[in-house]
Amino acid sequence: MTLALNSRLDDVEASHGVAFSGSIQEITQQLCDYLAQTAVERDAAGGTPYEQRQAVRDSGLLKLLIAKNDGGLGGNWQQIYSIIRQIARVDSSIAQVFAFQFLMLASIRLYGSESQWQQYFRLTAERNLWWGNALNPLDNRTIARKVTGGYVFSGQKSFCSGSMDSDYLIVSAIEEGSGKFLVAAVPTNRSGIHLNGDWDNIGQRQTDSGSAEFTQLRVDDSELLMQPGPLSSPFASVRSLVAQLIFTNIYLGIAEGALQEGAKYTRSSSRVWSGSLANTIHEDPFTLLHYGEFWASLHASAVLADHAANLLDAAWQQTLGLDEQTRGELALAVFSAKVNATRAGLDVTTRIFEVAGARATTAKLRMDRFWRNLRVYTLHDPVDYKLKDLGDWALNGQYPTPSFYA
């Protein structure tokens, strides 16, 4: 499949210096190669990677989920997750904000009316929009007050990943009086939105996952995504599974990146231990044993993740015809993949130094970024609760109860 880019980009190098061309996979590789050039330095710097975000825009990949008839690329979830994982191997911060583009589009598709999601999808394709997140269902500090023709949102919201440098936001609020959970789509530059840029954590340092403040933010009734709304059907509740599989594939990508970097360093710079009977590090049995463990655990996790993506594509096609059993089977597959990716990823990103050696801990390489990124991201929601849900199925035959996290 060949990717048709905006005419203004044809044969013209943008400010980032990348002239994207070819198939979707070729463009993905071009983007990954570009991001890898500065990933180490940007991890240290933190902040908003404006130039790299522009490269993602110019790649055209933000349109993957949108049908060709609506100006998009007509991709499926398997393809999207594969690309997310590839990007995460070199730059998991960009992978996260890129992935959240599709989580936000999925929110529009699942929560909004047919006319709404079609309108926003076409607008996204036409203007190459990037969507940011200000939904965070656990943070109820934003209150919506009813006014004529809509609402006024006021309050704070935490963990607003990808909000900086976005074009639109998906925002949520609690309706005053009723306590109803409201979701809306609004332009990021609208008066009443202030993005604080206060994300400074040890990992995922360029995801702009800081806080936002809403001061008398006007939200029109037409911008509310409440027909049918969150958790209104098995299909609407698929959003949480889309999100959980995003996490899973980023975890995998991070660990695969650590394995690639570790193997590269081991081959070129690691020394065989003095007590080894092997002549070179490439023949050392303990080194080979550890790499074998890493490969086996990540390969198994990838198979589980790909299986879950395949089930998600099938469920996505059923739309409102999706039943509780099919949704439940999908949830079990997603949770199994996430648990295994979490455990395998933390193991690989921690133990890679055991085979790379002490010199691999030099700050110049920043190989610790793989562990830091994964450790931060795997704390998004407790994996223990995924295991509890899987245990409830194994012991009691109960599917996970749909929620914003299950």
Side chains of [X] and [Y]: donor-acceptor distance under 3.5 Å anywhere?
X      : Y      : answer
Arg127 : Thr124 : no
Gln204 : Ser92  : yes
Ser15  : Gln54  : no
Arg359 : Ser269 : no
Thr342 : Thr378 : no
Tyr399 : Glu329 : yes
Asp33  : Gln29  : yes

How long is the gap from [atom1] on [X] to [atom2] on [Y], to the nearest 0.5 Å?
X      : Y      : atom1 : atom2 : result
Leu379 : Leu374 : CG    : CG    : 9.0 Å
Gln119 : Asp70  : CD    : CG    : 12.0 Å
Lys338 : Leu252 : NZ    : CG    : 12.5 Å
Tyr111 : Leu225 : OH    : CG    : 9.5 Å
Asp58  : Tyr34  : CG    : OH    : 9.5 Å
Arg369 : Asp43  : CZ    : CG    : 6.5 Å

Does the plane of the ring in [X] sit parallel, tilted or perpendicular to the ring in [Y]? Use 30° and 60° as the thresholds.
X      : Y      : result
Trp77  : Phe102 : perpendicular
Phe181 : Phe404 : tilted
Phe247 : His380 : tilted
Tyr291 : Phe294 : perpendicular

>> Applying the ring pair (Phe, Tyr, Trp, His ring centres under 6.0 Å) criterion to Trp131, which one of Phe121, Phe98, Tyr120, Phe100 satisfies it?
In response: Tyr120
>> Could you go through Arg53 and Asp208, starting from their C-alpha distance and side-chain angles, then the distance that decides it, and tell me whether this counts as salt bridge (charged side-chain N to carboxylate O under 4.0 Å, His left out)?
In response: CA-CA 12 Å; Arg53 286 180 61 102; Asp208 285 308; 5.2 Å; no
Between [X] and [Y] (side chain of the first, backbone of the second, donor and acceptor by atom type, cut-off under 3.5 Å), is there such a pair?
X      : Y      : result
Ser240 : Ala406 : yes
Thr38  : Glu41  : no
Lys157 : Leu135 : yes
Glu175 : Ala144 : no

So with a 6.0 Å cut-off around [atom1] of [X], is the heavy-atom count from everything else above 12?
X      : atom1 : value
Asn69  : CG    : no
Glu354 : CD    : yes
Lys264 : NZ    : no

> Do Tyr151 and Glu176 pass the side chain to side chain donor-acceptor pair (under 3.5 Å) test, and can you show the C-alpha distance, the side-chain angles, and the key distance before you say yes or no?
Replying inline: CA-CA 10 Å; Tyr151 286 85; Glu176 188 177 51; over 6 Å; no
> Between Glu223 and Arg190, does a salt bridge (charged side-chain N to carboxylate O under 4.0 Å, His left out) hold up when you go through it step by step?
Replying inline: CA-CA 13 Å; Glu223 296 172 322; Arg190 177 170 292 175; 2.7 Å; yes
> Under 6.0 Å between the ring centres of Phe353 and Trp371?
Replying inline: no
Output a table of donor-acceptor pairs, distance under 3.5 Å, between side-chain atoms of residues 80-87 and any protein atom two or more places apart or on a different chain; print 'none' if there are none.
unit_1, atom_1, unit_2, atom_2, d
Tyr81, OH, Val242, O, 2.9
Ser82, OG, Gln86, NE2, 3.3
Arg85, NE, Asn249, OD1, 3.1
Arg85, NH2, Asn249, OD1, 2.9
Arg85, NH2, Asp306, OD1, 2.7
Gln86, OE1, Gln25, NE2, 2.8
Gln86, NE2, Gln25, OE1, 3.3
Gln86, NE2, Ser82, O, 3.3

>> Here's a test for you: under salt bridge (charged side-chain N to carboxylate O under 4.0 Å, His left out), which of Arg372, Lys364, Arg366 qualifies with Asp368?
In response: Arg372
